[in-house]
Visitor: 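Here it is: the structure, laid out below.
Chain letters run A, B, ... following the sequence lines, proteins first and then strands; every chain starts at 1. Values reported hereafter were calculated over all heavy atoms of this structure, with side chains retained and with hydrogens, waters and symmetry mates removed.
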2 protein chains.
Amino acid sequence: MDARTKILETATRLFAMQGYDSTSLSQVAKDASVSKALIFWHFETKENLFQEVVTRTIAPYSLEVDLEGLSEPEQLKKLIDLYYEFVTQNLYSVRFFLSLFLREGARPDDLFGRILELHELYRKQLGEVIERGQERGTVARDVNPPAHAALIMSALNGILVQGFVWPTPTPSPDATLAQLKATLVDTIQVQ
Amino acid sequence: MDARTKILETATRLFAMQGYDSTSLSQVAKDASVSKALIFWHFETKENLFQEVVTRTIAPYSLEVDLEGLSEPEQLKKLIDLYYEFVTQNLYSVRFFLSLFLREGARPDDLFGRILELHELYRKQLGEVIERGQERGTVARDVNPPAHAALIMSALNGILVQGFVWPTPTPSPDATLAQLKATLVDTIQVQ
DNA sequence: GTCTATATACAGATAGAC
DNA sequence: GTCTATCTGTATATAGAC
């Protein structure tokens with residue numbers, strides 16, 4: 001691996017674990033086994049390095065979902081599982097971005113817009129699936145699609161955050177996820 | 001106001017907004033209109049100052065709830081509203097503690113245990129109210145009390161976090177809260 | 001591209017006058 | 001209790017050899 005990549009990977013790990021301010025370039029240099037000067041040669045400033053890290057981290061985020069051949073309630077469950085899976089497979093960076101969001105004067109980058117946009121799209125997709133289910137008769141009519149979609153997203157995000165905050169949440173995130181699907185999907189299903 | 005209190009209040013504000021690392025004692029001193037040396041005279045170290053800030057912030061947290069004369073579903077709604085109200089009235093410190101939790105190597109203080117304990121108690125209380133409702137016939141029997149309580153807490157926390165992350169969430173937190181009560185309380189009610 | 005050595009600024013913390 | 005002046009370490013960043 002070339003030095004530039006090594007620096008990027010080390011910085012990504014350290015920024016995610018410790019945050020921007022408490023990660024020094026001396027530490028990055030040491031962990032990446034390069035000199036501090038080399039970091040500046042490649043990235044000019046610490047801020048630039050951070051930007052590249054963020055860009056690289058967010059790049060693979062996407063939402064390609066195949067819902068072919070499933071009933072609407074099944075589609076909802078699949079979307080829920082995929083969201084949960086995505087988050088657990090990207091725990092470090094999700095945690096990283098969440099802590100950035102929480103800081104006042106957070107960097108007003110377009111990159112954050114991208115994350116919010118993805119989240120928005122997911123919520124919309126849930127709402128649309130509910131709506132289509134109502135048209136096709138697989139989902140109860142008395143459900144408000146956008147409101148119900150928002151509640152599902154909130155519950156998902158809540159499960160996620162509790163996983164961050166608690167060492168060993170009680171009950172487990174998996175159990176709460178199952179409860180979510182049982183309560184927020186199965187009950188609106190029309191047999 | 002005496003200088004010591006002035007320092008504490010200034011530090012509380014700055015730590016909450018910017019975090020521990022990116023808040024310098026020079027800035028605290030300047031904002032509080034005192035010398036840096038005075039901060040050290042009062043608090044010895046930056047870490048000590050931080051500890052005092054945390055202690056002071058968490059002190060008023062409590063859970064005195066009066067549920068007298070309400071049916072179990074009404075009790076659930078009241079608990080939900082109180083949690084939501086508490087959080088919105090303590091947004092700064094909730095945000096502060098959440099961002100502390102998200103940092104690896106987060107300070108393993110007993111104080112954090114206190115927050116987690118409060119959260120745990122709240123979840124338990126929800127579960128107990130559901131259970132009592134089942135015994136008294138006001139709540140459906142096919143509900144799993146602890147699991148349902150955990151889902152409600154997750155949804156509440158999700159709403160909270162979305163409020164932090166989004167500038168103007170769509171739909172509004174209030175709307176999602178209403179949806180929560182309609183979906184997770186009204187539907188388990190027995191008339 | 002990569003290094004060592006250095007410049008510069010500012011952090012946390014101390015000394016000592018008042 | 002509160003200050004000014006200062007110490008010491010470490011941060012970001014630069015200069016210049018190889």
Visitor: Between D:dT12, D:dC3, C:dT2, which nucleotide has the shortest distance from any of its atoms to the side chain of A:Leu25?
Guide: D:dT12
Visitor: Rounding to a whole Å, what distance do you find between A:Lys46:NZ and C:dT8:P?
Guide: 22 Å
Visitor: Would you call the rings of A:Tyr83 and A:His119 parallel, tilted or perpendicular, where under 30° means parallel and over 60° means perpendicular?
Guide: perpendicular
Visitor: Please compare A:Glu44 and A:Ser26 by the position of their nearest nucleotide in DNA chain D and report the one closer to 5'.
Guide: A:Ser26
Visitor: What is the distance from NZ of B:Lys6 to P of D:dG1, rounded to the nearest Å?
Guide: 18 Å
Visitor: Rounded to the nearest angstrom, tell me the gap between atom CG in B:Leu49 and atom P in C:dA11.
Guide: 15 Å
Visitor: Taking the side chain of B:Lys36 as its heavy atoms from C-beta onward, which of C:dG12, D:dG1, D:dT12 lies nearest to it?
Guide: C:dG12
Visitor: Within the 4.0 Å heavy-atom criterion, would you say A:Thr23 contacts the bases, only the backbone, or no part of the nucleic acid?
Guide: sugar-phosphate
Visitor: In this structure, how many angstroms lie between the P atom of C:dT8 and the CZ atom of A:Phe40, rounded?
Guide: 16 Å
Visitor: Is it the case that the side chain of A:Lys46 and the backbone of A:Tyr20 share a donor-acceptor pair, with hydrogens and angles ignored and the cut-off at 3.5 Å?
Guide: yes
Visitor: What is the distance, to the nearest angstrom, from the CZ atom on A:Phe43 to the C1' atom on D:dA13?
Guide: 16 Å
Visitor: What's the closest nucleotide to the A:Ala37 side chain, out of D:dC3, D:dT14, C:dT2?
Guide: D:dT14
Visitor: Do NZ/NE/NH1/NH2 and the carboxylate oxygens of A:Asp186 and A:Lys77 come within less than 4.0 Å?
Guide: yes
Visitor: How long is the line joining CG of A:Leu38 and C1' of C:dT4, in whole Å?
Guide: 13 Å
Visitor: The side chain of A:Ala3 lies closest to which of these nucleotides: C:dC3, C:dA11, C:dT2?
Guide: C:dT2
Visitor: Assess whether a salt bridge exists between A:Glu120 and A:Arg123, defined as any Lys/Arg side-chain N lying under 4.0 Å from an Asp/Glu carboxylate O.
Guide: yes
Visitor: Calculate the interatomic distance between A:Ile7 atom CD1 and D:dA13 atom C1'; express it in whole Å.
Guide: 15 Å
Visitor: So what does B:Ser35 touch, heavy atoms closer than 4.0 Å: a base, only the sugar-phosphate, or nothing?
Guide: base
Visitor: So that I can tick it off, tell me whether B:Arg114 and B:Glu117 are bridged by a salt bridge, with the cut-off set at under 4.0 angstrom between side-chain N and carboxylate O.
Guide: yes
Visitor: Could you tell me the separation between the OH atom of B:Tyr20 and the P atom of C:dA11, rounded to a whole number of Å?
Guide: 14 Å
